[in-house]
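The block underneath contains the structure these notes are about, expressed in structure tokens.
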Amino acid sequence: MSSVAVYPGSFDPFTLGHADIVERAAKIFTELHIVVVHNPNKAPRFSSAERVELIRASLNEIGVKGPAKISIDTLDSGLLVDYCRMVGAGALIKGFRTNVDLDYELPMAQVNRDLASVETVFMPANPEHGQISSSLVKQVADLNGSVSKYVSESVARALTSSAANRKATK
Ligand code: PNS
């Protein structure tokens with residue numbers, strides 16, 4: 001039985017909702033690999049390397065650690081199940097807020113199971129974080145709103161400077 005899990009996503013950027021899932025998954029599995037995956041359907045605000053650094057900074061700030069061994073990596077191409085095979089993971093972790101998230105996630109869960117018998121473990125969002133999404137926090141930051149309730153200080157700072165850069169280049 002594998003006690004290794006992969007938590008994949010765009011994480012553009014990592015929110016407190018994502019951090020909550022990491023914290024909970026780290027209590028169930030002995031190894032948790034957070035993977036910033038390139039999603040060709042999305043134009044990311046932050047580079048993969050920046051997203052990894054923001055995840056690392058957020059987890060440090062919030063004080064999220066073990067008992068699982070947590071690592072942060074990137075996957076720029078190839079199948080997620082091949083990454084799972086490489087690290088010996090038998091499960092993928094996905095957080096969901098509403099049935100809209102489940103409708104989006106279910107086909108991927110089925111395909112990943114068909115491809116490599118990798119199971120998907122769905123974790124319901126903590127109601128406190130039920131309305132947070134990476135797209136919404138980017139929108140709020142771009143319109144000069146405060147995102148401090150939704151993201152770590154490092155991510156809030158990165159969003160503020162990216163919003164300022166976007167305005168300067170318009
Ligand atoms: O945070 P996102 O953008 O909703 O995450 C989606 C992601 C990156 C997990 C998904 O696009 C994905 O699994 N990509 C990897 C490519 C892959 O393995 N595709 C085939 C099976 S779904």
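If you read the sequence from its start, that first residue is 1, and numbering goes on from there. Worth knowing before you read on, the calculation uses all heavy atoms, side chains too, and leaves out hydrogens, waters and symmetry mates. Ligands are counted one by one from 1 in listed order, and the atoms in each one are counted from 1 as well.
Distance check on atom 10 (C) of ligand 1: some protein heavy atom falls below the 4.0 Å cut-off.
Of the candidates L80, V81, D114, it is L80 that places a heavy atom closest to atom 17 (C) of ligand 1. Nearest to atom 15 (C) of ligand 1 by heavy-atom distance, out of L92, L79, D12, V37, is V37.
Proximity of Y104 to ligand 1, defined as any heavy-atom pair under 4.0 Å, is confined to the side chain (atoms from C-beta onward). Using a 4.0 Å cut-off between heavy atoms, N112 contacts ligand 1 through its side chain alone, with no backbone atom that close. Of all the heavy atoms of K42, the ones lying under 4.0 Å from any atom of ligand 1 belong exclusively to the side chain.
Side-chain contact between F11 and V36: present, with at least one pair of heavy atoms (C-beta onward) separated by less than 4.5 Å. Within the 4.5 Å cutoff, no side-chain heavy atoms of L92 are placed close to those of V121.
A salt bridge links R24 with D20: the distance from a Lys NZ or Arg NE/NH1/NH2 to an Asp or Glu carboxylate oxygen falls below 4.0 Å. Using a 4.0 Å cut-off between charged nitrogen and carboxylate oxygen, K42 and D12 do not count as a salt-bridge pair.
Listed by chain and residue number, nothing satisfies the salt bridge (charged side-chain N to carboxylate O under 4.0 Å, His left out) test with R157 (two or more places apart in sequence, or in another chain).
Counting only residues at least two apart or on different chains, the side chain to side chain donor-acceptor pair (under 3.5 Å) pairs with a member in residues 98-118 are K94-E105, R97-D101.
Of all protein heavy atoms, the one lying nearest to atom 16 (C) of ligand 1 is G78 O, 4.1 Å. Nearest non-hydrogen protein atom to atom 1 (O) of ligand 1 is S10 N, 2.9 Å. Counting protein heavy atoms only, atom 5 (O) of ligand 1 is closest to G9 CA, 3.8 Å.
No hydrogens or angles considered: a donor-acceptor pair under 3.5 Å links the side chains of T30 and S3.
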